[in-house]
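Step one of this worksheet: look at the structure below.
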Amino acid sequence: MNAAGALELERYLAGDMPDAELEAFLARAKRDPHALRSIGEALLEESLVHECLQAEASVRPAPEPCREGARRRRPETLAARQVHRRRGRPVGARRSLALLPLAAAALLAVWLIGPGDPAVPPADKNDPAQLYVAEHTGPGFTVNGTAHDAEALRPGDRLDAPRGCGLTLRSRDGTTFTIEGPTRLALGRAGPGTQLRLERGALAAQVAPMPKDAPLVFRTSQAEVTVVGTHLDVATNGDTTWVRVEAGQVRVAHPRAAAVVLRAGQRAAVIDGVRTTVAATRPRLELDFEHPPHRSWCQDRTPGSTLSYDFVEGRESPAALRVRYRVAPIGRGKQWVWVASNEWFGTRDWSAYGGIAFWVKGTGNGARVGLDLGFGKNAGLVRYSFSFADESSEWRRIEARWCDFGAKLVPGGAEGRGLDVGRIDCVAFVIGGGSGTMLFDDLELVP
Amino acid sequence: VPESDQRDRVLRLAVEHRAAMWAFAKGLAKNPHLAEDVLQDTFVVICEKCAQYHHGTNFLAWARTIIRYRFLAAVDPARHRLVSVESEVLEQALAATESDGDALAERRDAWKDCLDRVRGRARKVLELRYRDGLGIAHLAERLRLSRNALYTLLSRARRALRDCAGRRTRMRGVR
């Protein structure tokens with residue numbers, strides 16, 4: 001292949017071709033077996049390089065996430081990021097999550113992406129949202145290109161913190177931004193409807209509650225992050241923007257995809273302006289059996305079996321679901337008893353999580369016990385089940401990934417669609433034999 | 001075949017063909033991060049739909065179909081036609097380079113050995129692009145190169161690796 005051909009191939013591999021040129025390139029390649037082979041070989045070579053480098057990275061000790069100064073300021077955040085390094089489970093978005101510490105630690109430089117908000121009012125010292133520099137460590141920072149020694153920042157200022165510089169910006173309403181250089185930030189309008197443009201680097205924010213009609217808005221080259229009052233991290237490297245929400249809610253949007261709302265314990269990556277992936281960062285307790293709505297369950301059994309349920313003291317908690325059962329040993333087909341969540345359950349979206357965990361205490365009689373997840377209604381109800389054996393009379397924690405659930409009831413028309421964890425309508429515990437007592441407690445969703 | 005055996009077999013195939021699947025995902029997505037993301041979604045779908053795969057049929061073709069749908073779900077509908085055309089071309093391109101598992105494993109070993117020997121800017125550009133997933137604009141700025149110079153550097157780095165791996169494979173053949 002000549003130099004021009006090699007250059008064109010590289011541009012294609014990098015996605016650096018307008019659609020019209022791409023179409024022509026593909027049409028040419030389709031007719032030319034030599035060109036097809038070159039594309040295939042190049043992609044396979046990229047894949048091998050990627051694989052070898054990933055393998056190398058996974059056996060090296062984890063790099064220090066940040067400088068000493070930065071660790072002092074945000075130990076819990078950085079430690080938490082280390083915990084979310086890739087674990088090798090096949091769950092979507094994990095790659096993006098694994099890169100979050102990378103982005104935060106490396107704080108990569110990007111092109112300046114345009115001017116800040118031009119329509120900004122003058123500084124107002126009485127404005128509760130007016131930002132000022134509360135703490136500064138390391139090298140000096142600049143505001144609008146000149147060394148800064150004043151406390152107050154004015155709307156429209158462009159703040160540039162070099163590598164090694166740590167800053168805490170605070171406003172009188174309690175909002176705090178923690179910045180580690182190299183970071184460039186443009187301050188838009190202050191007060192209600194504050195806008196900040198993160199041009200490069202990363203910041204952590206604790207945002208005081210704000211009016212719904214005038215929230216704080218972060219902008220990066222890919223995303224717009226709207227905050228009503230929360231604690232979050234935002235980072236960008238120019239190609240991808242990462243958002244992680246510790247508390248409260250934020251809305252993440254970019255022009256070419258639907259906006260998503262992130263809740264506490266979730267994170268999102270906006271990649272190349274193509275899509276936004278959302279994933280959980282920590283477990284969420286879903287059912288504790290202690291709140292009155294969690295105490296109304298429906299039950300069913302095959303003829304000849306008996307079943308009752310109530311609530312007793314749980315594992316380190318006041319309440320757990322207790323099921324007392326005797327499954328008839330003989331009958332037509334499989335024999336079972338089950339208890340299922342009632343109307344209070346509603347429809348729940350668990351798609352940001354990778355699985356479910358719960359605590360169970362049985363009688364150790366070896367009975368098959370299943371956790372069923374259902375979605376759809378009436379004749380369209382689809383059920384998927386995860387089963388385990390009652391092998392212990394002690395409390396133990398059972399964890400199931402979504403891919404551990406197998407199809408149990410799939411009506412016509414729903415074949416091949418799989419378990420839809422984005423709209424779970426009920427959970428049920430099913431016991432398939434023997435007699436005894438089983439206790440269930442603390443169902444939680446796990447990342 | 002019991003359900004758990006079927007899943008194990010299918011997942012083994014998925015792991016065995018991971019490199020080819022990543023190559024297809026990268027061909028569509030262009031960005032290594034996004035390719036990894038699509039691939040991981042694909043593994044989840046494969047896990048869920050393992051019962052639908054019939055042994056003896058072309059696993060890679062089945063997996064590529066899933067990858068294509070996962071990617072299409074994430075792109076602007078206005079680009080669906082172009083993505084479909086591109087996926088056809090990519091399937092043909094990668095089919096032309098398919099080899100059995102042993103040959104791929106041997107090739108992987110050779111590339112790994114050779115990658116260990118790459119130093120300097122070539123190593124840097126490979127790491128930034130394929131390990132850290134940097135986009136081209138960012139990479140060019142980071143290395144203070146024009147785009148064309150960056151493409152030349154990437155192309156040469158891969159060609160050097162290809163030549164090195166080719167020599168090693170031939171030497172192993174001679175031994």
Side-chain angles (χ1 to χ4, degrees), chain A residues 3 6-7 9-11 13-16 19 22-23 26 29-30 33 36-37 39-57 90-96 99 102 106 108-111 237-240 256 269 271-272 274-275 277 402-403 406-407 416 418-419, chain B residues 3 18-20 22-24 26-27 29-34 36-37 40-41 43-45 47-49 51-52 74-76 79 82 85-86 88-90 92-97 107-108 111-112 115 126-127 130-138 141-142 147-148 151-152 154-155 158 161-162:
Chain A
L7 189 66
L9 178 59
E10 289 303 323
R11 286 181 54 229
L13 294 173
D16 192 9
D19 282 357
L22 175 61
E23 223 163 328
L26 293 172
K30 233 175 167 176
L36 273 180
R37 193 169 177 87
I39 294 171
E41 283 289 344
L43 284 168
L44 205 55
E45 287 167 5
E46 285 191 307
S47 180
L48 290 171
V49 173
H50 169 78
E51 207 170 275
C52 293
L53 290 170
Q54 290 292 330
E56 265 184 34
V91 176
R94 183 155 295 109
R95 179 75 189 116
S96 317
L99 291 162
L102 179 74
L108 304 170
V110 295
W111 285 103
N237 70 358
D239 300 310
T240 303
R256 290 203 285 160
I271 304 168
D272 262 2
V274 175
R275 71 186 219 154
T277 61
W402 300 138
C403 61
L419 171 62
Chain B
E3 196 179 315
R18 194 182 192 287
W22 190 91
F24 184 66
K26 159 70 175 59
K30 307 293 189 291
N31 178 312
H33 279 184
L34 196 52
E36 187 66 29
D37 228 24
Q40 297 217 13
D41 279 355
F43 268 79
V44 174
V45 175
C47 192
E48 287 172 352
K49 300 194 172 185
Q52 293 176 13
V75 299
D76 186 343
R79 300 198 75 240
L82 187 55
V85 171
E86 187 171 22
E88 258 180 59
V89 171
L90 288 173
Q92 289 176 29
L94 286 163
T97 61
R107 197 170 171 189
R108 187 181 288 123
W111 275 70
K112 189 175 177 324
L115 193 60
L126 292 173
E127 283 183 353
Y130 299 111
R131 187 193 62 198
D132 302 346
L134 259 61
I136 290 299
H138 191 196
E141 198 228 345
R142 176 83 176 257
R147 284 192 176 216
N148 281 359
Y151 291 140
T152 306
L154 275 167
S155 176
R158 278 208 324 276
L161 276 169
R162 189 185 315 138

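Lettering follows sequence order; numbering is per chain, from 1.
- Taking CG of B/L90 as the start and NZ of B/K26 as the end, the distance is 10.0 Å to the nearest 0.5 Å.
- The distance from atom CD of A/E51 to atom CG of A/L44, rounded to the nearest 0.5 Å, is 9.5 Å.
- For A/E23, the side chain to side chain donor-acceptor pair (under 3.5 Å) test picks out B/R81, with sequence neighbours left out.
- By the ring-ring contact (aromatic ring centres under 6.0 Å, His included) test, B/W111 pairs with no residue at all, sequence neighbours left out.
- Both the backbone and the side chain of A/L13 come within contact range of chain B, each with at least one heavy atom under 4.5 Å from a heavy atom of that chain.
- Proximity to chain B (any heavy atom under 4.5 Å) is restricted, for A/A29, to the side chain, taken from C-beta onward.
- Residue B/L94 touches chain A through both its backbone and its side chain, counting heavy-atom pairs closer than 4.5 Å.
- Among B/V45, B/N148, B/V85, the residue making the largest number of heavy-atom pairs under 4.5 Å with chain A is B/N148.
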